[in-house]
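Here is the naming used below: chain letters follow the sequence lines, and residue numbers restart at 1 for every chain.
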Number of protein chains: 2
Amino acid sequence: MDIKIVDVARLANVSPTTVSRVLNNNPIVKPKTRDAVLKVIEELKYVPHAAAKNLRQQKTMTIGVIVSDIKVSYNTDIVKGIQTKAYAQKYKVVICDTQNDLDIEREYLRLLMDRSVDGIILVASLLPEQEIVDLAERGFAVGIIGRRIDRANVLNVHTDNVSAAKEAVEHLIGQGHRDIVFLSGYANAKDSYDRLEGYIKALGMHSIPFRPELVENGNFNETGGYEAFARLKEKGLTFSAVFSANDEMALGVYEYCNEKKIGIPGEVAIVGVDNDRVSKYLTPSLSTIDQPKYDMGFLLAEKLIRSMNGEAEVPRVSVLNSRLIVRQSSTTYSR
Amino acid sequence: MDIKIVDVARLANVSPTTVSRVLNNNPIVKPKTRDAVLKVIEELKYVPHAAAKNLRQQKTMTIGVIVSDIKVSYNTDIVKGIQTKAYAQKYKVVICDTQNDLDIEREYLRLLMDRSVDGIILVASLLPEQEIVDLAERGFAVGIIGRRIDRANVLNVHTDNVSAAKEAVEHLIGQGHRDIVFLSGYANAKDSYDRLEGYIKALGMHSIPFRPELVENGNFNETGGYEAFARLKEKGLTFSAVFSANDEMALGVYEYCNEKKIGIPGEVAIVGVDNDRVSKYLTPSLSTIDQPKYDMGFLLAEKLIRSMNGEAEVPRVSVLNSRLIVRQSSTTYSR
DNA sequence: AAAGGTATTGAAAACGATTTCAGCTTCTGA
DNA sequence: TCAGAAGCTGAAATCGTTTTCAATACCTTT
């Protein structure tokens with residue numbers, strides 16, 4: 001503690017400059033001096049002061065990640081991918097958890113703008129597109145995962161929500177269902193909107209009329225899903241399947257069905273989105289759309305790092321494929 | 001981007017000193033000047049440079065958290081508690097994920113010793129006690145959660161693993177079980193050892209002889225649990241219940257039982273530890289020991305911040321209570 | 001042995017904020 | 001009207017590195 005480069009220099013009979021060179025593996029220093037310096041560093045347990053280094057070099061080698069909720073496996077899978085890539089390139093990672101609160105998200109963004117990070121990644125962001133674009137236009141390295149943004153220098157990795165939703169709904173139709181509920185998330189979320197579009201497309205492909213009363217908002221969380229499903233049931237609507245815009249809301253549906261002794265998939269078949277960690281442990285196991293979350297994180301981190309390093313031709317947006325995982329909750333011959 | 005305090009100063013016709021004072025809410029500046037400066041700051045969208053500030057102040061207002069795996073809800077629950085306290089006190093939080101690898105953990109520790117954080121919190125650490133003590137003795141603010149360490153200035157919050165395990169096993173005994181398997185984690189983990197001790201104590205209290213062959217190591221993860229349980233079964237041992245040192249290994253047991261059509265809790269009753277997010281969604285739901293994870297994180301963060309602020313009398317170690325949650329996996333009258 | 005390179009090293013400036021200390025105003029009271 | 005205090009502001013030092021540029025040491029060649 002409190003040992004500085006000059007202390008090392010003095011003890012090793014060299015200048016701070018030389019110590020700095022040793023620290024940064026500058027091959028110009030004579031092997032003999034290098035060894036002497038290293039020995040002193042070891043002896044004193046000297047560790048360079050990050051702030052001084054950052055100030056001089058005008059970079060921090062860290063990436064800031066803003067996620068909606070660190071407890072959601074969709075987010076942590078992505079974060080894992082980011083971390084793996086980042087660490088491999090000697091970057092550190094700061095994680096900020098906004099608790100799905102837009103104001104908190106804005107606040108973190110402000111915090112990160114003090115150059116304590118070299119670049120920012122948004123995961124499941126609630127921020128209006130324009131604010132993200134502004135950020136990029138002010139010269140910050142910014143990337144966003146999950147949501148499609150193709151403007152300014154905003155880096156982006158996402159999956160095709162429309163066709164994924166379409167695939168899920170067509171799967172349900174293939175199982176003989178025609179009255180299919182769509183449980184949407186926040187009304188303003190682009191994800192929700194795209195999944196709705198896919199839902200409608202799938203119905204269209206099979207000439208099933210779209211019934212707006214079968215679309216209900218569950219706010220992307222478990223209780224929201226429970227309540228949305230309850231509303232549908234209490235309205236006395238008839239339907240035999242549910243496509244839920246994420247797995248968490250599906251959990252709410254499970255709970256409701258459990259209470260009211262409604263059989264899954266017998267009376268209601270269900271397909272979710274996200275392949276949450278719990279979904280395969282449910283009984284019946286939950287069919288869901290799996291996004292390559294880890295890969296998405298890894299890929300965006302790569303883009304970001306390359307772009308921070310000044311590489312000119314970094315492809316700005318990439319689309320990865322998601323896939324439908326069919327489990328018990330949507331297949332008639334249960335187990 | 002690239003706007004410095006002098007730019008603001010120039011435009012506001014004041015010195016950098018005054019701008020700095022405004023930034024730091026120093027009440028000494030005249031309201032009129034303050035407003036003028038604030039206006040320029042707003043106009044220029046000036047954000048102070050973190051590294052410069054950190055360097056001068058010799059602190060960063062951030063806490064480093066090293067966790068074993070960001071995907072484990074035990075860890076994220078704790079992290080949530082830490083974050084809540086930290087953010088309330090204007091601290092940022094850096095999370096490092098070691099993937100349960102001791103070498104990676106050491107590497108992160110080295111990274112964080114560059115004063116890029118003001119204090120360090122270890123969650124589910126694999127580090128030998130002595131190394132943690134060394135850290136504290138070198139003057140760093142360090143805290144550890146989950147594992148009892150009562151030396152040097154190491155801050156600590158943990159629960160009583162021995163009595164928690166004892167409670168779980170006594171619950172099983174109360175359900176009529178006498179041949180109870182103990183699934184342990186890493187052999188060297190203090191947690192495992194304490195839980196084993198509680199297991200043995202519980203047996204002792206009820207005059208049930210301890211059979212070492214009923215203790216098997218599952219490395220704290222799902223496949224480890226599966227394999228450990230398989231080994232026990234293949235040895236042809238007889239037992240009617242399992243106490244698993246964490247929920248993840250219990251998942252492995254569920255899987256094995258599912259494959260081999262072994263009824264839970266009819267043929268094997270199970271109790272785990274951690275109250276993992278999935279445990280309540282399992283069929284049958286998993287009985288488990290719940291630790292007040294959020295509170296543990298919150299409390300340790302509080303200790304750490306107080307100690308970093310130079311408060312002398314911060315109680316160094318706290319013990320919180322865990323509680324047994326009885327669900328279906330350990331009760332004979334299933335459902 | 002001198003000239004000209006090349007290798008190796010160090011002195012000092014720079015990064016962008018905060019903080020110390022001194023100085024200038026302005027006010028108060030006699 | 002003036003001394004002294006209080007209020008407000010700014011010049012310059014400082015934090016601990018890296019980087020630039022110049023200087024020195026050491027070779028090689030002739």
**OP:** Output, in order, the C-alpha distance, side-chain angles, deciding distance and verdict of side chain to side chain donor-acceptor pair (under 3.5 Å) for B:Ser318 and B:Asn156.
**Re:** CA-CA 6 Å; B:Ser318 299; B:Asn156 179 244; over 6 Å; no

Subject >> Working for side chain to side chain donor-acceptor pair (under 3.5 Å), residues B:Gln291 and B:His158 >> reply: CA-CA 9 Å; B:Gln291 303 186 36; B:His158 66 277; over 6 Å; no

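You'll find a donor-acceptor pair under 3.5 Å spanning the side chain of B:Arg21 and the base of D:dG10, going by distance alone. Counting distance only, with no hydrogens placed and no angle test, the side-chain atoms of B:Arg56 and the base atoms of C:dT18 include a donor-acceptor pair under 3.5 Å. Within 3.5 Å, a donor on the side chain of B:Thr17 pairs with an acceptor on the base of D:dA11, or the reverse.
Heavy-atom nearest nucleotides on DNA chain D were determined for A:Val47 and for B:Val14, and the one closer to the 5' end corresponds to B:Val14.
Distance A:Leu23 CG to D:dT17 P: 8 Å, rounded to the nearest Å. Between the CG atom of A:Leu55 and the C1' atom of D:dT14 there is a distance of 12 Å, given to the nearest Å. Following rounding to the nearest Å, A:Asn26 (CG) and D:dT17 (P) show an atom-to-atom distance of 17 Å. The distance from atom CG of A:Asn13 to atom P of C:dT8 is 19 Å, rounded to the nearest whole Å. Taking atom NZ of residue B:Lys59 and atom P of nucleotide D:dG16, one finds them 15 Å apart after rounding to whole Å. Distance, A:Ile3 CD1 to D:dT17 C1': 16 Å, rounded to whole Å. Between the C1' atom of D:dC15 and the CG atom of B:Asp114 lies a distance of 15 Å, rounded to the nearest Å. Atom CD of A:Gln58 is separated from atom C1' of D:dT19 by 13 Å (rounded to the nearest Å).
Comparing D:dT17, C:dT19, C:dA12 against the side chain of A:His49 picks out D:dT17 as the nearest. When the nucleotides D:dT18, C:dC15, C:dT18 are ranked by their closest atom to the side chain of A:Ile5, D:dT18 comes out on top. If you check D:dG16, C:dT9, C:dT19 against the side chain of A:Ile28, the one that comes closest is C:dT9. Which of D:dT18, D:dA11, C:dT18 sits closest to the side chain of B:Ser15 comes down to D:dA11.
No contact: B:Asn54 has no heavy atom under 4.0 Å from any strand. Here A:Thr18 lies in heavy-atom contact (under 4.0 Å) with sugar-phosphate atoms only. Across all strands, A:Val29 comes closer than 4.0 Å only to sugar-phosphate atoms, never to a base (heavy-atom distances).
Taking the six-membered ring for Trp and the full ring otherwise, A:Tyr87 and B:Tyr108 have centroids separated by under 6.0 Å.
Summary for the helix from C:dA1-D:dT30 to C:dA30-D:dT1: the axes at its two ends, each from 5 pairs, differ by 40° when rounded to the nearest 10 degrees.
Distances shown here put every side-chain N or O of B:Gln57 at or beyond 4.0 Å from the OP1 or OP2 atom of C:dA17. At least one side-chain nitrogen or oxygen of B:Tyr46 sits closer than 4.0 Å to the OP1 or OP2 atom of C:dA17. Proximity of A:Lys30 to the phosphate of C:dT8: no side-chain N or O atom is located under 4.0 Å from OP1 or OP2. Taking only side-chain nitrogens and oxygens, B:Ser20 never comes nearer than 4.0 Å to OP1 or OP2 of C:dT19.
The two atoms that bring A:Ile82 and A:Ile145 nearest to each other are CD1-CD1, 4.2 Å, heavy atoms only.
Comment: A:Arg148 does not engage A:Asp191 in a salt bridge, judged by the lack of any side-chain N to carboxylate O separation of less than 4.0 angstrom. The pair B:Glu131-B:Arg106 meets the salt-bridge criterion, with a side-chain N (NZ, NE, NH1 or NH2) lying under 4.0 Å from an Asp/Glu carboxylate O. Note on A:Asp7 versus A:Arg10: salt bridge recorded, some NZ/NE/NH1/NH2 to OD/OE distance being below 4.0 Å.
No side-chain donor from either of A:Asn54 and A:Thr60 sits under 3.5 Å from a side-chain acceptor of the other.
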